[in-house]
Amino acid sequence: MKLHANVFGEGQPFLILHGFLGMGDNWKTLGKKIAEQGFQVHLIDQRNHGRSSHSDDFNYELMANDLAEYCEIHHLKNINLLGHSMGGKTVMLFAVKYPTLIDHLIVADIGPKYYPLHHQDILDGLSALDFEVLKSRGEVDKELSLYVPDVGVRMFLLKNLYWIDKGILGLRIHLEALMKNASEIGVELPENLNYNGKTLFLKGEKSNYIVSEDVIRIKKQFPHSEIGEISAAGHWLHAENPTEFLTRVLEFIKK
């Protein structure tokens, strides 16, 4: 599996993994600010996303192993590792499997528990896009709005659009594989897996992805973790309150 990454900055490696239907470039603004603090930032596209390789197989075990292979190829160790949503599940499992590679672990608005599938409308909308008919970003947005009324979510999804050839649009994601394996997104991590390294869980104040009853399990599986809250933010906490998010991350790493 060949993972694509946008790499910039010099210093200790800082790897960032995006969420479902996203890509590393979603983190470019924050990534550059982190790099300014003396880190080499790697904005990684996970399999079947962005510019990374496509595969019919898709689960967290594979994505954690993809990341380990990426670290081996690029000779990365003592890494700071941040994952949001789906990326958070990947980095949690990676930390359990490859603990000696990590310095600090940051998990953004996701826990190790099971989450029911809740992306079906989005997947239905993306699968309904007919690029034989739709020839502009505006036309794609209009069609997608029939399934995804939230403008912000559509803008996020439309970042996957690209020109395959002159006048021919397409999606960078491997939609067929993601739809076939959609149930893998919400799977829980096995409760007997533990990571004893320094970990920060950040939740959005207005998000329900991490609720009070989840804290016991998080503390059991990540005993040296702390849980922080980003004010006035939902699940997209890094985009909705980037200043506070960045401050909390840097404070944690520089302790």
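The ring of H18 has its center no closer than 6.0 angstrom to the ring center of W27.
The CZ atom of F201 sits 10.0 Å away from atom CZ of F252, with the distance rounded to the nearest 0.5 Å. The line from OG of S127 to CG of L175 is 6.0 Å long, rounded to the nearest 0.5 Å. Distance check: L178 CG to D56 CG gives 10.5 Å after rounding to the nearest 0.5 Å. To the nearest 0.5 Å, atoms NZ (K33) and NZ (K28) are separated by 14.5 Å. Atom CD1 in I79 sits 9.5 Å away from atom CG in D103 (nearest 0.5 Å). How far NE2 of H174 is from CZ of F58: 10.5 Å, rounded to the nearest 0.5 Å.
A salt bridge does not link R248 with E229: none of the charged nitrogens is closer than 4.0 Å to a carboxylate oxygen. Using a 4.0 Å cut-off between charged nitrogen and carboxylate oxygen, D66 and R47 count as a salt-bridge pair. The residues D45 and R51 are annotated as not salt-bridged, no charged nitrogen and carboxylate oxygen being separated by less than 4.0 angstrom.
Taking the ring centre of F222 as origin, the terminal cationic atom of K219 falls outside the region bounded by 6.0 Å and 45° from the ring axis.
By the 4.5 Å heavy-atom criterion applied to side chains, F94 and C71 are counted as neighbours. Counting heavy atoms from C-beta on, the side chains of V249 and L202 come closer than 4.5 Å. Two residues are said to be in side-chain contact when any heavy atoms from C-beta on lie closer than 4.5 Å; I218 and V215 fail this criterion. Contact of the L237 side chain with the N241 side chain is not registered, since no non-hydrogen atoms from C-beta on lie closer than 4.5 Å. At a threshold of 4.5 Å between non-hydrogen side-chain atoms, the residues V107 and L200 do not count as touching.
Ring geometry, F39 versus F14: the interplanar angle exceeds 60°, so the pair is classed perpendicular (tilted spans 30 to 60°). Classified by interplanar angle (parallel below 30°, tilted 30° to 60°, perpendicular above 60°), the ring pair W236/H84 is tilted. In this pair, H235 and Y209 present their aromatic rings parallel. The plane angle is below 30°, not in the 30 to 60° band.
Heavy atoms only, all atoms of each residue included: A182 and L123 are closest at CB-CD1, 3.9 Å. The shortest heavy-atom contact between E240 and G234 is OE1-N, 2.7 Å.
Environment of CD1 in I73: crowded, with over 12 heavy atoms of neighbouring residues, nucleotides or ligands closer than 6.0 Å. Within 6.0 Å of the NZ atom in K77, the count of heavy atoms belonging to other residues, nucleotides or ligands does not exceed 12. Heavy-atom contacts from other residues, nucleotides or ligands closer than 6.0 Å to CD of E10 number 12 or fewer. The number of heavy-atom neighbours closer than 6.0 Å to NZ of K180, taken from other residues, nucleotides and ligands shown, is above 12. No more than 12 heavy atoms of other residues, nucleotides or ligands lie within 6.0 Å of CD in E72, so this atom counts as exposed by the packing criterion.
The hydrophobic cluster containing V7 also contains V91, counting ILVMFWY residues as joined when their side-chain heavy atoms lie under 4.5 angstrom apart, directly or transitively. Hydrophobic clustering (ILVMFWY, side-chain heavy atoms < 4.5 Å, transitive): F156 and I230 are in distinct clusters.
Donor-acceptor pairing under 3.5 Å is lacking for the side chains of Q120 and H118. In this model, no donor atom of one side chain and acceptor atom of the other lie less than 3.5 Å apart for T199 and E226. Side-chain atoms of E184 and N181 include no donor-acceptor pair closer than 3.5 Å. Residues Y70 and N65 bring no donor and acceptor atom of their side chains to less than 3.5 Å of each other. Inspection of the T90 and Q46 side chains reveals an N or O donor paired with an N or O acceptor under 3.5 Å. A donor-acceptor pair shorter than 3.5 Å can be found between the side chains of N80 and H104.
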